[in-house]
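Contents: one structure, followed by commentary.
Just so you know, residue 1 is the first one in the sequence shown, and it goes up from there. What you are looking at is a predicted structure, and each value in this text was computed from that prediction instead of being measured. Note that ligands are numbered from 1 as they come in the structure, with each ligand's atoms numbered from 1 the same way.
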Amino acid sequence: MCGIVGYVGEKKASDILIKGLHQLEYRGYDSAGIALNENGSQDFLVFKSKGKVSVLEELVIDKNPMFSTGIGHTRWATHGEPSSVNAHPHVSNSDEIVLVHNGIIENYADIKKNLQAKGVKFQSDTDTEVVVQLVEYVMNKKGLDLLTAVQVALHQ
Ligand code: GLU
């Protein structure tokens, strides 16, 4: 069962997210990741690794990112092997939307096939990535803001 942690504030988000992910380790997981962002900008820093949160922590400490907003995830794979590519967060093709998710997208294969037929590319084998690419597709196709695009996408 995965774990999700988020932070918006003035402190160094990576420290808080890593601490939160350590606290969620008891739930079980096979990989972990965080995405960081500063002041709502559309530039994200993403760190992901297979294995323990301590492995992820080493990656993040090396870069010492000072951003103050972020999300983190511990993954228990259901679709796609445990790997850093399949670890969450997943990022849309424009790099502007970042997503973590707990659970299963039952109809992901149909949605993925439809999006691929329209030229949308995928990086991972997960069901989760389908949602972030679908939200972006809906935003662009219908000219919607993020909130509305999420609502439309979730109907599928
Ligand atoms: N189904 C998703 C995956 O395989 C999420 C698994 C989870 O809840 O950690 O990436």
Counting from 1 in the order shown, the ligand 1 atoms closer than 4.0 Å to a non-hydrogen atom of His73 are 9 (O)
Using a 3.5 Å cut-off on N or O atoms only, is Asp127 in polar contact with ligand 1? yes
Hphob cluster co-occupancy, Tyr7 + Phe67, side-chain heavy atoms under 4.5 angstrom: yes
Mark up the atoms of ligand 1 that fall under 4.0 Å of a heavy atom belonging to Cys2, in ascending order. 7 (C), 8 (O), 9 (O)
Quick check on contacts: which atoms of ligand 1 are under 4.0 angstrom from a heavy atom of His101? 5 (C)
Does Lys112 make a cation-pi contact with Phe122, if we ask for NZ or CZ under 6.0 Å from the ring centre and within 45° of the axis? yes
Joint hydrophobic cluster, Ile105 plus Val100, side-chain heavy atoms closer than 4.5 Å: no
Out of curiosity, does Phe47 fall in the hydrophobic cluster containing Leu24 (side-chain heavy atoms, cut-off under 4.5 Å, transitive links)? yes
Flag Thr126 as yes when one of its N or O atoms lies below 3.5 Å from any N or O atom of ligand 1, and as no otherwise. no
Ring geometry between Tyr108 and His79 (parallel below 30°, tilted from 30 to 60°, perpendicular above 60°): perpendicular
I'd like to know if Ile18 and Phe44 are part of one continuous hydrophobic network [Ile/Leu/Val/Met/Phe/Trp/Tyr, side-chain heavy atoms within less than 4.5 Å]. no
With a heavy-atom distance limit of 4.0 Å, tell me whether Thr78 approaches ligand 1 through its side chain, its backbone, both, or neither. both
Could you tell me which atoms of ligand 1, counted from 1 in the order shown, lie closer than 4.0 angstrom to a heavy atom of Trp76? 6 (C), 7 (C), 9 (O)
Any atom of ligand 1 sitting under 4.0 Å from a heavy atom of Gly103? yes
Give a yes or no on whether Leu21 and Val46 share a hydrophobic cluster (residues Ile, Leu, Val, Met, Phe, Trp, Tyr; joining criterion: side-chain heavy atoms under 4.5 Å apart). no
Within the 4.0 Å heavy-atom shell around His79, which atoms of ligand 1 are there? 4 (O)
